[in-house]
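Have a look at the structure below before the remarks.
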Protein chains: 2
Amino acid sequence: MATLAKLIGAKQPRFRTATEYVESTLKEAILTGALPGGTPLRQEDLAAEFGLSRMPIREALRQLEAQALVDFYPHRGAVVTEISAAEGADNYAIRAALEPAALRLSVPQLTPEDLKRAREIVDEMDAEDGQSRLGELNRRFHMTLYSRAGRPRLLTLVDQHLAAADRYLRFHLAAMGRNHLSQEEHRGMIDACSAHDADEACAILSQHIETAAQNLQAFFAPRQE
Amino acid sequence: MATLAKLIGAKQPRFRTATEYVESTLKEAILTGALPGGTPLRQEDLAAEFGLSRMPIREALRQLEAQALVDFYPHRGAVVTEISAAEGADNYAIRAALEPAALRLSVPQLTPEDLKRAREIVDEMDAEDGQSRLGELNRRFHMTLYSRAGRPRLLTLVDQHLAAADRYLRFHLAAMGRNHLSQEEHRGMIDACSAHDADEACAILSQHIETAAQNLQAFFAPRQE
DNA sequence: TATTTGTCGATTGGATCCAATTTGAGTATA
DNA sequence: TATACTCAAATTGGATCCAATCGACAAATA
């Protein structure tokens, strides 16, 4: 099947199966807002779009369902999950619980190279103002600090919910008045990690997430949801 | 019509699709240990077992993969995830982060009826010594206390990881020396919730989970993992 | 007119068929 | 003997086909 080879690319097969490719592509489209909440995802259309049959689409949609990115209605199809104040609060509550836990486990194991990379990412964010790119850098920054936690499943969950938060990024950025995420807090976390001060790093992180959650609530507050 | 069905007492189909049925059945089999870690899950065999084609099996396996209950190896098949000290520690780390957060949100909203039900479940656990039933009661007890958190996605995650912890229940029970989970802690949590003392309730809960985690590590310690 | 019933198009759920990949046994070769 | 290679069996990944279900709209009934 030539289509698969084309999709995968010859050198480094980023995706082992078409299903993985579809899942990854759809996920990114949802997270960046290219597919907004409420968009119906018709299997037939997606299959045509991807040049595949409906089967890999179905499996990919199932995976996205497990990540709470699409809703399934039997015999009626899948729909991109709506974003709302409630969904956002849910996401932030999960992050507020998981991320400090991951950071606390990771701090004692962080290497100077990890911290150097984190610094580079933060610097890069200073110069960046594209929302989608900012979201990715932010994600990479956070995951770098958590990366030594030694709990793969925990990190997977954190990564998923960090990614899901991208859907709310524009509210956060709008509230911050400019295209900058709280860089002082990012740098403060790096400093605390360098000093092996997990308590301080977690305190900043909790505040960091709390601010984002409040910005979201403030945005939704006027229009009752 | 739904009302009529309810009046008549007609059993509404618990599963809307075959995929849901397969997923639920396999999940329970894995969690209770009927399908131990490492068991290969051949689609053909399962299809014959369920009297279905391979397709609903495949979709169900995908869902289980997203819950970290099976591992997928492209073109080689799915295998029940191995339990290990590392996997268990991962699970407990996630629970230790999520459950206090859920409890804290829930405590102010808990009703006297919720607490009454929690008490009844704990009492029922006193008389029970079947492991699988104990696991289910334990799960229901915890979820009852968290149920008013008002964060559906958070509760879903908690429920999933509480369920996954059933795979480690026998280690915990063995360490406790008898078929009783820490009932004093369970009752202490109820009392703290009754007094709307979220801090105390969370403190007991954290200790509760920590104990379980340590019991697991102690079990795996002799045999280096 | 309001409510129920019937029919039909759209869409997904499930079955069957074909292709691609992995693995390991067996063989040839240095 | 060790290593590389070939090839076939087992198994899954993907495509195509058919059936079941849902929703909407029209027709019938009170």
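Side chains are part of it too, since the values below use all heavy atoms of this structure and drop only hydrogens, waters and symmetry mates.
Note: CG (L61(A)) to P (dG14(D)) measures 14 Å, nearest angstrom. Rounded to whole Å, the distance from CE on M55(A) to P on dT11(C) is 18 Å. Regarding L52(B), its CG atom lies at a distance of 8 Å from the P atom of dG14(C), rounded to whole Å.
Residue S53(A) places its side chain closer to dT16(D) than to any other of dT16(D), dT12(D), dG13(C). Minimum atom distance to the side chain of E44(B) is reached by dT12(D), of the listed dG14(D), dT12(D), dG14(C).
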Legend entry - Derivation of the side-chain contact (heavy atoms from CB on, under 4.5 Å) call for Y21(B) and T25(B): CA-CA 6 Å; Y21(B) 169 69; T25(B) 305; 3.5 Å; yes
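Considering only side-chain N and O atoms, T19(A) lies under 4.0 angstrom from the phosphate OP1 or OP2 of dG14(D).
Take the nearest nucleotide of DNA chain D for P56(A) and for R76(A): the residue whose nucleotide is more 5' is P56(A). Nearest-nucleotide positions on DNA chain C for R54(B) and H75(B) put R54(B) closer to the 5' end.
Remark: the R54(A) side chain and the Q43(A) side chain contain an N/O donor-acceptor pair separated by less than 3.5 Å. Using modelled atom types and a 3.5 Å distance limit, the side chains of H161(A) and N91(A) yield no donor-acceptor pair. In the model, Y168(B) has no side-chain atom that pairs as donor or acceptor with a side-chain atom of H172(B) under 3.5 Å.
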